[in-house]
Amino acid sequence: METTSRTMNLRFVEYAPEHRTGCLDVFDSNVPEFFSESEREDFCNFLDRLPGRYGVVIDDTGRIVGCGGIAASRTDPRAADLTWGMIHRALHRSGIGRILTRERLAWVAEMPEVAAVQLNTSHLTEGFYEKFGFRTVKRITNGYREGLDRCDMEWLRPNS
């Protein structure tokens, strides 16, 4: 998939092991506002044992500027989870997050058995996902750390 966000030409491609360092750079750019340093090891383990599909957004210089995936829910057989979605901190509000989310929801379109998509995110990105039709089903004050609430959100497939 080739698309343009403002003046950048972007490609969304399936994750490969050679993308690991670029994904970690994206993660690191979002610490401490969106992720805790302590979550880095969890993200590394996730990349080493992908539970589903994971993709990266690459700019026209070859740099990874975003990443995110989707996996079968461990709690609901008719649901999928959005996994570890993030955009390089310097590029927030550039439109890349919308591209990444659209691409992941396009993967859901290929999964007729999935009636809902779930995610947990912070209150900082809750409004972003609401624009895609996600709704908050549970909020945990300070759920990630002091000052960073956890929002469990859900998107229902139309006519499901």
Side-chain angles (χ1 to χ4, degrees), residues 1 3-71 73-74 80-108 117-155:
M1 184 266 158
T3 188
T4 301
S5 177
R6 302 216 177 143
T7 59
M8 283 187 279
N9 291 315
L10 303 169
R11 292 180 298 126
F12 181 77
V13 300
E14 292 271 346
Y15 175 85
E18 60 266 20
H19 297 135
R20 189 176 200 275
T21 299
C23 290
L24 290 172
D25 289 343
V26 173
F27 177 91
D28 292 341
S29 77
N30 284 287
V31 173
E33 187 175 3
F34 293 91
F35 295 108
S36 299
E37 180 61 40
S38 63
E39 293 178 282
R40 193 175 200 275
E41 184 177 344
D42 293 338
F43 184 50
C44 288
N45 291 333
F46 171 85
L47 292 174
D48 292 341
R49 298 176 191 87
L50 292 177
R53 293 180 80 177
Y54 202 69
V56 297
V57 181
I58 301 173
D59 72 10
D60 48 8
T61 70
R63 182 176 78 142
I64 293 174
V65 296
C67 49
I70 190 160
S73 170
R74 290 182 281 180
D81 295 331
L82 289 187
T83 59
W84 287 101
M86 62 193 85
I87 302 302
H88 193 284
R89 181 71 182 106
L91 296 169
H92 286 195
R93 301 192 178 281
S94 68
I96 299 170
R98 287 188 299 278
I99 293 166
L100 177 63
T101 303
R102 277 196 306 266
E103 290 295 330
R104 294 191 291 167
L105 291 176
W107 283 343
V108 172
V117 177
Q118 305 164 340
L119 76 118
N120 62 70
T121 191
S122 77
H123 69 280
L124 299 174
T125 55
E126 178 183 26
F128 170 82
Y129 286 105
E130 286 174 341
K131 293 175 187 172
F132 285 90
F134 283 83
R135 65 181 180 85
T136 302
V137 295
K138 183 178 181 183
R139 176 185 304 273
I140 303 168
T141 303
N142 300 321
Y144 291 118
R145 67 168 188 269
E146 183 70 31
L148 197 61
D149 297 349
R150 175 179 165 156
C151 300
D152 293 350
M153 303 185 79
E154 179 179 70
W155 174 88

- prompt: What salt bridge (Lys or Arg N to Asp or Glu O under 4.0 Å) pairs are there with at least one residue in residues 128-138, not counting sequence neighbours?
  reply: R135-E154
- line: Shortest non-hydrogen pair, D81 vs S73, comes out as OD2-CA, 3.5 Å
message: Quick one, L82 and W155 - any side-chain contact, counting heavy atoms below 4.5 Å?
response: no
query: Roughly how far, to the nearest 0.5 Å, is CZ of R63 from CG of L91?
result: 5.5 Å
query: If only atom types and distance count, is the side chain of N142 paired as donor or acceptor with the main-chain N or O of G147 below 3.5 Å?
result: yes
- prompt: Is the shortest heavy-atom distance from the side chain of R20 to the side chain of C44 under 4.5 Å?
  reply: yes
CZ-CD distance between R11 and E103, expressed to the nearest 0.5 angstrom: 12.5 Å
statement: Closest non-hydrogen atoms of I99 and L10, given as atom of the first, atom of the second and distance, are CD1-CD1, 3.7 Å
- request: Under the side-chain hydrogen bond (donor to acceptor under 3.5 Å, both in side chains) rule, collect the residues that match up with R150, sequence neighbours excluded.
  value: D152
task: State, yes or no, whether a side-chain contact exists between E126 and T136 at a heavy-atom distance under 4.5 Å.
output: yes
- line: Output for pair (L50 CG, N45 CG), nearest 0.5 Å, gives 11.5 Å
field: E39 CD to N30 CG distance, which is reported to the nearest 0.5 Å
entry: 10.5 Å
message: For E33 versus L148, what's the shortest heavy-atom pair and its separation?
response: O-CD1, 3.9 Å
query: Which distance, rounded to the nearest 0.5 Å, do you find between the OG of S29 and the CD1 of I87?
result: 9.5 Å
CE on M86 to OG1 on T121, rounded to 0.5 Å: 10.5 Å
- prompt: Which of parallel (below 30°), tilted (30 to 60°) and perpendicular (above 60°) describes F46 and F43?
  reply: parallel
- prompt: Which pair of non-hydrogen atoms, one from G22 and one from I64, has the smallest distance, and what is that distance?
  reply: CA-CD1, 3.9 Å
- request: Kindly write out the residues that satisfy ring pair (Phe, Tyr, Trp, His ring centres under 6.0 Å) with F34, not counting sequence neighbours, or none if the list is empty.
  value: H92
Side-chain donor or acceptor of T101 paired with backbone N/O of R98 under 3.5 Å: no
field: Sidechain-backbone polar pair: S36 side chain, S38 backbone, donor-acceptor under 3.5 Å
entry: no
- prompt: Minimum heavy-atom separation for R104 to I70, with atom names?
  reply: O-CD1, 4.1 Å
Closest heavy-atom pair and its distance - V57, F12: CG2-CD1, 3.8 Å
message: Are V65 and V26 packed together at the side-chain level, in the sense that at least one heavy-atom pair is separated by less than 4.5 angstrom?
response: no
- request: Answer whether the closest heavy-atom distance between the side chains of H88 and I96 falls below 4.5 Å.
  value: no
message: Going by the rule ring pair (Phe, Tyr, Trp, His ring centres under 6.0 Å), which residues pair with F35 if we only count those two or more places apart in sequence or in a different chain?
response: F27, W84
task: Identify, with sequence neighbours excluded, every residue that meets salt bridge (Lys or Arg N to Asp or Glu O under 4.0 Å) alongside E41.
output: none
message: Counting C-beta onward and ignoring hydrogens, is there a side-chain heavy-atom pair between Y15 and R53 closer than 4.5 Å?
response: no
- request: Could you tell me which residues satisfy salt bridge (Lys or Arg N to Asp or Glu O under 4.0 Å) with R145, sequence neighbours excluded, listed by chain and number?
  value: none
